[in-house]
Amino acid sequence: MGSCRLSIHTESPHMLSAILKDPSAKQHIRGSYILATNRTDVWMGPSQLITDKLRLHTTYRVSAWVRAGSGGHGRYHVNVCLAVDHQWVNGGQVEADGDQWYELKGAFKLEKKPSKVTAYVQGPPPGVDLRVMGFQIYAVDRKARFEYLKEKTDKVNFPYFFCMLR
């Protein structure tokens, strides 16, 4: 979004160690990240048109690892945004600085058919670089989630029930 400059870089392994302790992160973190520089406004950052990839009345989860870069001091709000037919929707937010990577999580659902949806990451003030790694938007499969929870519940309750029968 905007006239910022995007480039691909690789993070050093010691900066990834905290992220990779999370088993779910290992699935989509490869060490490469997008660096957005020359940001002259808060909303400038990496973006992608996703209109044709979304379904109505489906909940979508948002996940990304973000880090503020050079050009500033302190913690800044960084969020995933959706431009839905010229209206701004917040998809998740975190406070980030340049010392470490922060996990950004959120969710959204579309209730009416949009003509254009753009997902983008924005945040630090102008002049502060932004790093984004492992950005994902994925549909939540409610049926599969309920089956998983039912299976977990059955496993928890079964030993107790078995003891009661003895």
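This chain uses plain numbering: 1 for the first residue, then up along the sequence. Predicted model only: the values in this text are computed from it and were never measured. Computation of the quantities below employed the complete heavy-atom set of this structure, encompassing side-chain atoms and omitting hydrogens, waters and symmetry-equivalent molecules.
In this structure, OG1 on Thr51 lies 8.0 Å from NZ on Lys113, to the nearest 0.5 angstrom.
Scored by the side chain to side chain donor-acceptor pair (under 3.5 Å) test, Ser7 finds His9 as partners (sequence neighbours excluded).
Between Met133 and Ser32 the shortest side-chain heavy-atom distance does not fall below 4.5 Å. Contact of the Tyr76 side chain with the Asp97 side chain is not registered, since no non-hydrogen atoms from C-beta on lie closer than 4.5 Å.
Judged purely by atom type and a 3.5 angstrom limit, Arg131 has no side-chain atom pairing as donor or acceptor with the backbone of Leu35.
In this structure, Tyr33 has its ring center closer than 6.0 angstrom to the ring center of Trp101.
Annotation for Asp41 and Pro126: closest pair CA-CG, 3.8 Å, computed over non-hydrogen atoms. Taking every heavy atom of both residues into account, Ala96 and Ala68 meet most closely at O-CB, 4.0 Å. Of all heavy-atom pairs between His57 and Glu111, the closest is ND1-OE1, 3.0 Å.
Shown here is Arg61, whose CZ atom has no more than 12 heavy atoms of other residues, nucleotides or ligands within 6.0 Å.
A chain of hydrophobic side-chain contacts below 4.5 Å, direct or via other Ile, Leu, Val, Met, Phe, Trp or Tyr residues, connects Val94 to Ile137.
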In residues 78-90, what donor-acceptor pairs under 3.5 Å come from side-chain atoms, sequence neighbours left out?
unit_1	atom_1	unit_2	atom_2	d
Asn79	OD1	Gln122	NE2	3.4
Asp85	OD1	Ser115	N	2.8
Asp85	OD1	Ser115	OG	2.6
Asp85	OD1	Lys116	N	2.9
Asp85	OD2	Ser115	N	3.2
Trp88	NE1	Tyr120	OH	3.4
Asn90	OD1	Gly92	N	2.9

